[in-house]
Amino acid sequence: MTDEWRSINLANWESRVPLHTAPDGYDLASFDDPEYLSPVVRYDLPRLGRLDGRDVVHLQCHIGTDTVSLARLGARSVTGLDFSPSALEAGRALAVRANADVRFVESDFYDAVGALGSQCCDVVYTGIGAICWLPDVRRWATIVAELLRPGGRLFMREGHPVLWAMSDPRPDGLLVMEYPYFETEGTVFVEEDSYAGTGTLASPETVCFNHGLGEIFTALTDAGLAVTALDEHREVPWNPLGHAMIPSPTLDGEYVLASGRDRMPLSYTVQAVKG
């Protein structure tokens with residue numbers, strides 16, 4: 001299945017774009033306000049900070065809501081990279097609508113250095129729900145390091161590997177680990193709907209890959225990056241566990257466990273610098 005992961009996942013993400021760009025999908029109209037930032041980037045902002053004068057690459061950017069938001073933080077240039085042509089078309093339309101100077105490049109992640117160039121940026125930003133689609137975290141870290149200039153910075157908030165290992169929503173509300181925590185050849189899922197918008201996906205099958213925190217940390221270190229911060233969070237910007245979760249009472253767009261919120265981490269932020 002590992003050999004087929006890319007074509008399966010590309011078909012799935014192509015089929016998500018019409019749902020995510022529909023009126024009940026991503027909130028695209030809010031970008032008409034020049035001060036608006038996506039909920040994901042708003043959450044990241046206290047740790048991310050301003051990007052004034054920096055060249056930024058947003059990997060696996062999807063339809064560009066976070067990419068456009070990064071451009072509103074003062075970056076000198078922002079480039080979004082994704083393998084879905086439909087998503088990039090939507091991203092370009094959003095950038096025009098938001099009057100944002102953003103470049104979008106179609107490329108498989110593992111071809112990013114060839115598409116963008118070595119040492120092309122000061123900041124690599126990877127949004128939530130990204131590396132779970134990639135089978136090799138060591139290769140991922142090597143490519144991040146190749147994209148960064150000396151002194152450059154990786155910023156990534158991601159779903160926690162404990163969360164990715166959890167069972168699908170259960171009627172008894174129990175939190176049960178069912179899927180691999182460590183990197184494997186991939187797990188196949190079939191889900192008819194997406195996390196945003198309504199409707200049935202034309203290509204519901206996916207192949208997902210979990211990566212343990214130790215595997216991620218070691219991959220970054222071996223690639224020549226020094227990890228400067230690792231924060232684990234009790235919230236995540238979608239509901240992966242059904243009735244076991246509720247909207248956060250304090251954080252817009254985030255979800256938390258309905259009870260016992262200290263039982264498990266739901267997401268994490270890692271930052272690293274190229275030495």
Side-chain angles (χ1 to χ4, degrees), residues 16 20 24-27 37-48 60 62 65-66 69 125-134 137 154-184 186-198 204 206-220 227-272:
R16 293 187 193 221
H20 292 180
D24 62 348
Y26 279 51
D27 181 8
L37 300 176
S38 69
V40 169
V41 172
R42 284 203 306 272
Y43 181 97
D44 291 339
L45 190 56
R47 295 175 180 86
L48 176 63
Q60 298 168 269
H62 191 39
T65 51
D66 299 336
S69 299
Y125 178 93
T126 297
I128 197 157
I131 64 170
C132 57
W133 304 103
L134 301 173
V137 75
L154 165 70
F155 185 99
M156 178 177 69
R157 183 185 179 216
E158 181 56 273
H160 202 285
V162 168
L163 175 62
W164 295 131
M166 300 302 291
S167 174
D168 292 334
R170 296 167 54 98
D172 56 14
L174 293 177
L175 303 179
V176 177
M177 296 187 75
E178 178 179 358
Y179 302 108
Y181 172 89
F182 297 104
E183 186 175 296
T184 66
T187 302
V188 177
F189 295 94
V190 178
E191 298 177 342
E192 300 287 342
D193 55 2
S194 187
Y195 59 87
T198 56
T206 60
V207 185
C208 296
F209 307 89
N210 207 357
H211 313 284
L213 279 186
E215 293 171 328
I216 296 165
F217 190 100
T218 301
L220 291 170
V227 175
T228 58
L230 175 60
D231 300 302
E232 295 176 290
H233 311 299
R234 295 169 178 81
E235 55 275 342
V236 70
W238 77 95
N239 182 353
L241 299 174
H243 294 301
M245 301 192 74
I246 60 172
S248 169
T250 58
L251 296 167
D252 181 40
E254 300 287 321
Y255 290 82
V256 297
L257 291 175
S259 63
R261 295 174 193 173
D262 292 332
R263 286 182 290 167
M264 62 176 284
L266 298 177
S267 61
Y268 68 94
T269 298
V270 64
Q271 300 186 61

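Counting begins at 1 with the first residue of the sequence.
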> What is the distance from atom CZ of Arg263 to atom CG of Leu175, rounded to the nearest 0.5 Å?
Replying inline: 4.0 Å
> What heavy-atom pair brings Asp172 and Arg170 nearest, and what distance separates the two atoms?
Replying inline: OD2-NH2, 2.7 Å
> Can you name the closest pair of heavy atoms from Ala258 and Ile246 and give their distance?
Replying inline: CB-CG2, 3.8 Å
>> Can you tell me how far apart CE (Met166) and CD (Glu178) are? Round to the nearest 0.5 Å.
In response: 10.0 Å
> Is the CZ atom of Phe189 crowded by more than 12 outside heavy atoms at less than 6.0 Å?
Replying inline: yes
>> For a 4.5 angstrom cut-off between non-hydrogen side-chain atoms, does Pro237 reach Glu254?
In response: yes
> Within the distance-only criterion (no hydrogens, no angle test), does the side chain of Tyr181 pair as donor or acceptor with the backbone N or O of Leu213 below 3.5 angstrom?
Replying inline: yes
>> With a 4.5 Å cut-off on side-chain heavy atoms, are Pro161 and Phe182 touching?
In response: no
> What is the minimum heavy-atom distance between Met245 and Leu266, and which atoms define it?
Replying inline: CE-CD1, 3.5 Å
> Which heavy-atom pair separates Val207 from Gly186 by the least distance, and what is that distance?
Replying inline: CG1-CA, 4.1 Å
> Looking at OG1 of Thr184 and OH of Tyr179, how far apart are the two atoms once the value is rounded to the nearest 0.5 Å?
Replying inline: 12.5 Å
> What is the distance from atom CZ of Arg234 to atom CE of Met264, rounded to the nearest 0.5 Å?
Replying inline: 12.0 Å
> Glu235: what forms a salt bridge (Lys or Arg N to Asp or Glu O under 4.0 Å) with it, not counting sequence neighbours?
Replying inline: none
> side chain to side chain contact (heavy atoms under 4.5 Å, CB included) between Trp164 and His211: does it pass, once the steps are laid out?
Replying inline: CA-CA 9 Å; Trp164 295 131; His211 313 284; over 6 Å; no
>> I need the minimum non-hydrogen distance between Pro180 and Asn210, along with the two atoms involved.
In response: O-ND2, 2.9 Å
>> Test your reading of the model: is there a side-chain donor-acceptor pair from Glu232 to the backbone of Pro265, 3.5 Å cut-off?
In response: no
> side-chain contact (heavy atoms from CB on, under 4.5 Å) with Arg157: which of Thr126, Thr269, Val270?
Replying inline: Thr269
>> Show, in sequence, the C-alpha distance, side-chain angles and deciding distance for Cys132 and Phe209, and conclude whether the side chain to side chain contact (heavy atoms under 4.5 Å, CB included) test is met.
In response: CA-CA 5 Å; Cys132 57; Phe209 307 89; over 6 Å; no
>> Nearest 0.5 Å, please: how far is CD in Glu158 from CD1 in Ile216?
In response: 7.5 Å
> Do Leu241 and Leu163 have side chains that get closer than 4.5 Å, going by heavy atoms?
Replying inline: yes
> What is the distance from atom NE2 of His233 to atom OG of Ser248, rounded to the nearest 0.5 Å?
Replying inline: 13.0 Å
> Hey, does the side chain of Glu215 reach the backbone of Val137 with a donor-acceptor pair shorter than 3.5 angstrom?
Replying inline: no
> What are the two closest heavy atoms between Val40 and Ile128, and how far apart are they?
Replying inline: CG2-CG2, 4.4 Å
> Strictly by modelled atom types, are Asp44 and Tyr125 linked by a side-chain donor-acceptor pair under 3.5 Å?
Replying inline: yes
